[in-house]
There are 2 protein chains.
Amino acid sequence: MKMSAAEEYGLRCLLQVAQHKGPEPIGIAEIAEAEGLSPEYAAKLLRLLRKGELVNSTRGAKGGYHLARPAHEISVWSAILVLDGPLIEDSHCKVHTGRLPACVHSTACSLRGLLTYISINLENVLKNLTLADLFQSEDAVRAQLEAAPEGEDQGAGGEP
Amino acid sequence: MKMSAAEEYGLRCLLQVAQHKGPEPIGIAEIAEAEGLSPEYAAKLLRLLRKGELVNSTRGAKGGYHLARPAHEISVWSAILVLDGPLIEDSHCKVHTGRLPACVHSTACSLRGLLTYISINLENVLKNLTLADLFQSEDAVRAQLEAAPEGEDQGAGGEP
DNA sequence: ATAAAACTTGACGGATTCGTACAGTTGGAT
DNA sequence: ATCCAACTGTACGAATCCGTCAAGTTTTAT
């Protein structure tokens, strides 16, 4: 139950894009410098974000990245999904023939229920937290999260 | 944000120990067979659980493992901590000289606030879920978790 | 057209995790 | 006392993830 490097640094890069002011897109060099990453690594992460349709890229001179949607419409949850995939795969308990009612493992797979719930819980919490919210300070983020524990919509969109 | 193999299989092995009936401890061979793991791998995971003081071991003939405490006093959270360590390390944002108010990263480390909150949220949810609760079916586990969303004590102990 | 800036892609060592293998130690049963 | 079941610990190859590198492609500016 750890956050992967791709998630952490990918999220940081995404925040750099979101934070960038001005009509011109932000370049990889600038993002990499701001986060202390190599330009190549930043590029790799940005590519992930682009494939996840969280950012768009402009090529050529004066090119760079910009958000695909406004910051307050991009949820932290969607970024995590793009950067690291889902917490629990559909194939977690592989069904052999297609007619297996319980998990192949002996403990009747109460673990699957646990994992599913953890995933749903996390999704509910992070779906309503947007990039715009993360601009605030550390304390403000915690306050924000605690104010809307679950299933509440506070003006953000999140997933399309 | 994935569950590691050690967490998953370690939890399964722990459940096998908890589920075992009778005064005699359960052996590695039996646990491994039940979960479809190699005896050596099961032994490795059980050793972790032993070091975390979640199980005790009896050596010699007729030896094996038994829970260190009753199943309803061992929380899923404590097992996850033992098997995979904390979600966020204290050293996550390393402080260089000891007087740095903000994270060394440029985005003022709203990420740390995010991570801290995710960790606390998960802890609150899983602290009150015990091994005994996991014996139930998948649906029952979800119902149980949804019934006690946060910060409620329902008779379990968890950490010593 | 040409050059320069910027992104794209695949491939590559190094580190960590996964699962296995094997030698060593402990302790109950005969 | 001896044997054997059972746990303990280290060491190892395989797979995956991390981060880097170099070659390639696209686009703007001159």
Side-chain angles (χ1 to χ4, degrees), chain A residues 1-14 16-17 20 23-68 80 82-85 89 105, chain B residues 1-14 16-17 20 23-68 80 82-85 89 105:
Chain A
M1 222 62 168
K2 304 253 187 209
M3 176 167 276
S4 71
E7 276 173 290
E8 165 155 6
Y9 294 124
L11 216 37
R12 285 187 195 281
C13 290
L14 184 57
Q16 284 295 331
V17 176
H20 181 70
E24 304 183 340
I26 183 173
I28 285 203
E30 190 175 346
I31 297 174
E33 164 123 16
E35 293 298 342
L37 306 174
S38 75
E40 293 85 359
Y41 190 31
K44 188 176 217 167
L45 295 170
L46 267 303
R47 187 163 73 235
L48 271 180
L49 294 170
R50 186 186 143 279
K51 286 192 173 178
E53 300 182 348
L54 264 38
V55 300
N56 290 328
S57 65
T58 311
R59 307 175 74 140
K62 292 266 178 188
Y65 291 93
H66 55 96
L67 291 184
I80 285 184
V82 162
L83 292 165
D84 205 45
E89 308 282 342
H105 292 98
Chain B
M1 224 60 166
K2 304 254 189 207
M3 176 166 277
S4 72
E7 276 174 290
E8 165 155 6
Y9 295 124
L11 217 37
R12 287 187 194 280
C13 289
L14 185 57
Q16 284 295 330
V17 176
H20 181 70
E24 304 183 339
I26 182 173
I28 285 204
E30 189 175 347
I31 297 173
E33 163 121 17
E35 292 298 343
L37 306 174
S38 75
E40 292 85 0
Y41 189 32
K44 187 176 217 166
L45 295 170
L46 267 303
R47 191 160 66 241
L48 269 181
L49 294 170
R50 186 187 144 278
K51 285 190 173 178
E53 299 182 346
L54 263 40
V55 301
N56 290 328
S57 64
T58 311
R59 306 176 74 139
K62 292 268 178 186
Y65 290 94
H66 56 95
L67 291 184
I80 284 183
V82 161
L83 292 165
D84 205 44
E89 308 282 342
H105 293 98

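Because the structure is a prediction, the values reported are computed rather than measured. Here is how names work: the chains are called A, B, and so on, in the same order as the sequence lines, proteins then strands, and each is numbered from 1.
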Engineer: Roughly, in whole Å, what's the span from CG in A/Leu48 to P in C/dT8?
Structural biologist: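 Checked: the CG to P distance equals 12 Å.
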
Engineer: Return the value, rounded to whole Å, for the distance between atom CD of B/Glu7 and atom C1' of C/dC18.
Structural biologist: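 Distance check: B/Glu7 CD to C/dC18 C1' gives 14 Å.
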
Engineer: Within the 4.5 Å heavy-atom criterion, are A/Leu67 and A/His20 side-chain neighbours or not?
Structural biologist: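 Not in contact.
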
Engineer: To the nearest angstrom, how far is B/Ile28 atom CD1 from D/dC4 atom C1'?
Structural biologist: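 Answer to the nearest Å: 16 Å.
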
Engineer: Walk me through whether B/Glu35 and B/Gln16 qualify under side chain to side chain contact (heavy atoms under 4.5 Å, CB included).
Structural biologist: CA-CA 8 Å; B/Glu35 292 298 343; B/Gln16 284 295 330; 3.0 Å; yes

Engineer: Give each stem of DNA chain D as a range with a range, requiring at least 3 consecutive Watson-Crick or G-U wobble pairs whose two distances are under 3.5 Å.
Structural biologist: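 Result, WC/G-U stems under 3.5 Å: C:1-30 with D:1-30.
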
Engineer: Any side-chain heavy-atom pair from A/Leu49 and A/Tyr65 closer than 4.5 angstrom?
Structural biologist: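 They are not in side-chain contact.
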
Engineer: D/dC7 P sits how many Å from B/His66 NE2, rounded?
Structural biologist: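 Value for this atom pair: 11 Å.
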
Engineer: Whether the side chain of B/Lys44 engages the backbone of B/Ala6 through a donor-acceptor N/O pair (distance < 3.5 Å, no angle test) should be reported.
Structural biologist: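 Not at all, since once roles are kept as given, no pair shorter than 3.5 Å links the two residues.
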
Engineer: Below 4.0 angstrom, N of the basic side chain to O of the carboxylate: do B/Arg12 and B/Glu8 qualify?
Structural biologist: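 A salt bridge is present here (some side-chain N lies under 4.0 Å from a carboxylate O).
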
Engineer: To the nearest Å, give me how far apart CG (A/Asn56) and P (C/dA6) are.
Structural biologist: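 In whole Å, C/dA6 P lies 18 Å from A/Asn56 CG.
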
Engineer: Write down the distance between CD (A/Glu24) and P (C/dA6), rounded to a whole number of angstrom.
Structural biologist: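 Value for this atom pair: 10 Å.
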
Engineer: How many whole angstroms separate atom OH of A/Tyr65 from atom P of C/dA5?
Structural biologist: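 Distance check: A/Tyr65 OH to C/dA5 P gives 18 Å.
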
Engineer: Would a distance-only check, ignoring hydrogens and angles, find a side-chain to backbone donor-acceptor pair under 3.5 Å from A/Glu7 to A/Ser4?
Structural biologist: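 Here the side-chain-to-backbone pair exists.
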
Engineer: Under 3.5 Å, side chain of B/Lys51 to main-chain N/O of B/Leu46, donor-acceptor pair present?
Structural biologist: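 Side chain of B/Lys51 to backbone of B/Leu46, a donor-acceptor pair under 3.5 Å: no, none is there.
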
Engineer: Distance from B/Leu45 atom CG to B/Leu37 atom CG, nearest 0.5 Å?
Structural biologist: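 It comes to 7.0 Å.
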
Engineer: Rounded to whole angstroms, how far apart are CZ on A/Arg50 and C1' on C/dT8?
Structural biologist: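 After rounding, the gap between these two atoms is 8 Å.
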
Engineer: Treat primed atoms plus P, OP1 and OP2 as sugar-phosphate and everything else as base, then score nucleotides 15-30 of chain D 5' to 3': B for base contact with protein heavy atoms under 4.0 Å, S for sugar-phosphate contact only, - for none.
Structural biologist: ---SBBB---BSBS--

Engineer: Kindly say whether A/Ala68 contributes a backbone atom to a donor-acceptor pair with the side chain of A/Asn56 at under 3.5 angstrom?
Structural biologist: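 No; judged by distance alone, with no hydrogens or angles, the pair does not exist.
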
